[in-house]
Amino acid sequence: MQSAADLRSLLNRIDHRGYPAYKDTKGTYRFPGYVLSIDHVQGDPFASPSKVSIHVEGKAAAFPSDLYCGKDQRIALQDELTRQFAKKADQFAFQAKGSGKSGMIAVSRCGQEVLERTACRLDPNSGDIILRMEIGFPANGRTINARELEKILFQFVPECVKASLFYKNADAARLRKIIDLAEDQRYIRDQLPKLGLCAFVANGSILPRESGVSSKPMRGAVKFQSPKEQEVTITLPHAGVISGMGIKRGITLIVGGGYHGKSTLLKALETGVYPHVAGDGREYVITDDTAVKIRAEDGRSIKKTDISMFINDLPNGKDTVLFCTEDASGSTSQAANVIESMEAGTSLFLIDEDTSATNFMIRDELMQRVIHREMEPITPFIERIRELYEKQGISTVIVAGSSGAYFHIADTILQMDRYEPKDITGYAKKEAEAFPAISLSQEPAQQPDFKRCPIANADLKGNDRIKMKTMGKESVMINRDTIDLRYLEQIADNEQVAALGYCVRYAQKHLIDGKKNLIQIVDELEEVMQNKSLAELCESTSSVSCMAVPRRQEIFACFDRYRALRLV
């Protein structure tokens, strides 16, 4: 390890030389209180910025161990350190001048959700901190401007480190509130199964968002208030007594007029699988963390998925036990999404009528009379929903605005009226008596087969030059194969998409052998991320990208949409 003085001397030597001379700076340097590591140097001022990391020993950082004694506390603390570093770095970004990305100082941009990221890692045993950032090494044209880089590394970065990575400079009261919130959120999540609930929405929550492109709370929005029939009270370890709506396990129907808040409530439940920061308005909206939003997805690929629970006897004789297609219809895609979510271990389906295939969700009594059951290959979801709960333990929350068919089978019916929920179960059930219930299938569904085993791709296995590129939250490209993720609505951050790409790449290189099924492969990926670190997927400290941990359900969904994946 070299000293900070060595780095300063090196910068003096390479000043005004050609840009490739910056490669000589790669290495580790001891600064007062921390170690600066230049892990990857960009080859050009217009290329992706250089990767730099800060290492602070636990004794120097001195954060009390009770702030990171558990996983949830540690992730919350890492998230706050990242936010504080980013806030300070914003003050210095592009103050060092030059061409291209010169002067850029960037770390992960954390959203409203609290996620574990590669940007900041706190060792739970030693308290050591690693913070990763990107810096645009300054240049004039393609000539090194070492004076400007010296300004970044010796003035700007030390200020950021000092302000955010040492407990003595932190707002101790703020940190304690953040950790207390994380512990309270975990407590509610742990209480859900004990209370027979699949979700909880606290009174006073702000569910509407600022706009379609902002996840911040809407100003002046109606605060959530639970119906008395659904109200649950929980005593939290720190915040004390809190009340709100408990959504019971089983079948819950959310109805109401247009623009009254049905989809807004469902969206809050979708994102409730993650903890949220204080001030978000949804801090105490907690959903079963295995919940999956199910929708139709025309055009997606499906590979050897057993959709026979819903679709059989296709006119073309196509196998629905090992169903394959490169261009799924609305009904086959939604059927596959249900089965694949079961494979991923979900306990809760979240469904919006607006994004569902009508013929998958329901066939009304008149249609059943005209088109007899033996002429229809689709067994609609309404005929399996009760069985899914009673035999598989999977609850369902459905938003409906036009069809009342689910009134007959729902356990709880909520009406959203100007963003206020009302329990209308008794009234709706009584009204439903005047209408014929849909006749249900008399044949129970067989348990789907989850034995799909991916086959190794000879071009990728053991290949250290697999290219990967992410396009926001929309997709990830592995070499020339694009995985379309735009309909996975519970992906909260584009850094989760990067992690999904690395999951696929890591599995192709090390795990896929034609013998392990998809469940075993995802199990091993989760073990790598949990027992080692998310950065382990990159396999090289010089190529650790900005990533955030994805859920198990999204890992499965990514593999399921990978058209180049071959299965036996």
Side-chain angles (χ1 to χ4, degrees), residues 40 47-48 51 117-118 297 299-305 324-328 333 336-337 340 343-344 452-529 532-568:
H40 170 76
S48 297
K51 294 180 180 179
R117 301 173 186 271
T118 53
E297 200 173 338
R300 64 155 290 197
S301 66
I302 299 173
K303 296 185 179 297
K304 296 190 175 181
T305 300
C324 298
T325 181
E326 290 297 313
D327 186 20
S333 63
N337 288 341
E340 290 162 356
E343 184 178 22
R452 300 182 297 161
C453 296
I455 305 172
N457 186 323
D459 295 332
L460 300 179
K461 193 169 182 65
N463 185 352
D464 292 326
R465 300 183 65 83
I466 300 175
K467 294 181 180 180
M468 197 190 80
K469 181 181 179 182
T470 61
M471 282 71 82
K473 293 194 291 184
E474 303 290 308
S475 61
V476 60
M477 183 179 290
I478 309 292
N479 283 348
R480 295 183 179 180
D481 299 301
T482 299
I483 307 175
D484 188 350
L485 305 174
R486 60 189 153 150
Y487 294 122
L488 301 186
E489 298 176 56
Q490 289 170 286
I491 291 179
D493 196 286
N494 58 2
E495 292 189 2
Q496 288 180 305
V497 173
L500 290 172
Y502 277 106
C503 282
V504 172
R505 196 180 83 155
Y506 187 93
Q508 286 280 21
K509 292 173 65 176
H510 304 292
L511 304 179
I512 294 176
D513 58 6
K515 299 177 182 178
K516 298 172 185 171
N517 62 34
L518 204 51
I519 294 175
Q520 293 170 320
I521 289 169
V522 175
D523 285 344
E524 291 193 31
L525 284 169
E526 286 199 305
E527 186 177 352
V528 170
M529 289 186 283
K532 295 181 180 179
S533 72
L534 180 59
E536 193 74 20
L537 295 176
C538 293
E539 305 176 83
S540 171
T541 56
S542 65
S543 62
V544 175
S545 296
C546 294
M547 293 187 289
V549 173
R551 296 192 308 151
R552 177 183 183 86
Q553 285 67 34
E554 277 70 52
I555 299 175
F556 269 95
C558 183
F559 277 106
D560 289 328
R561 286 156 182 77
Y562 183 26
R563 292 178 184 269
L565 190 69
R566 293 178 295 167
L567 297 162
V568 291

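Since we're looking at a predicted model, the values are computed, not measured. In what follows, residues are counted from 1 in the order of the sequence shown.
Residues Asp560 and Asn337 have side chains not in contact (no heavy-atom distance under 4.5 Å, counting atoms from C-beta outward). Using a 4.5 Å heavy-atom threshold, the side chains of Asn517 and Arg452 count as separate. Side chains of Leu565 and Val504 form no contact here, defined as non-hydrogen atoms less than 4.5 Å apart. For the pair Ser545 and Thr118, the minimum side-chain heavy-atom distance is 4.5 Å or more. No side-chain heavy atom of His510 sits less than 4.5 Å from a side-chain heavy atom of Val528. Here the side chains of Leu488 and Gln553 are not in contact, with every heavy-atom distance at 4.5 Å or above. Residues Ile521 and Ile512 form a side-chain contact, since some pair of their non-hydrogen atoms from C-beta on lies under 4.5 Å apart. Residues Val476 and Met468 form a side-chain contact, since some pair of their non-hydrogen atoms from C-beta on lies under 4.5 Å apart.
Residues Met529 and Cys503 share a closest heavy-atom pair of CE-SG, 4.2 Å. Among all heavy-atom pairs drawn from Leu567 and Lys304, the shortest one is O-NZ, 2.9 Å. The nearest pair of heavy atoms linking Met547 to Ala535 is CE-CA, 4.2 Å. Across Ser333 and Ala328, no two heavy atoms sit closer than the pair CB-CB, 3.9 Å. A pairwise comparison of heavy atoms in Ala498 and Thr470 identifies CA-CG2, 3.6 Å as the closest pair. Between Lys516 and Leu511, the shortest heavy-atom contact is CD-O, 3.5 Å.
A salt bridge does not link Lys473 to Glu495: none of the charged nitrogens lies less than 4.0 Å from a carboxylate oxygen.
Put simply, the side chain of Asn479 gets close to the backbone of Lys467: a donor and an acceptor are under 3.5 Å apart. The backbone N or O of Arg566 sits nowhere less than 3.5 Å from a side-chain atom of Lys303 that would complete a donor-acceptor pair.
Between atom CZ of residue Arg117 and atom CD of residue Gln496 there is a gap of 7.5 Å, rounded to the nearest 0.5 Å. A distance of 13.0 Å separates CD1 of Ile478 from NZ of Lys469, quoted to the nearest 0.5 Å. One distance of note links OG1 of Thr482 with CE of Met471; it measures 5.0 Å at 0.5 Å rounding.
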*For side chain to side chain contact (heavy atoms under 4.5 Å, CB included), just list the numbers for Ile483 and Leu500, CA-CA rounded to whole Å, side-chain angles, deciding distance to a tenth of an Å, and then say yes or no.*
CA-CA 10 Å; Ile483 307 175; Leu500 290 172; over 6 Å; no

*Determine, step by step, whether Gln520 and Cys453 satisfy the side chain to side chain contact (heavy atoms under 4.5 Å, CB included) criterion, reporting the C-alpha distance in whole Å, the side-chain angles of both residues, the deciding distance to 0.1 Å, and the verdict.*
CA-CA 9 Å; Gln520 293 170 320; Cys453 296; 5.9 Å; no

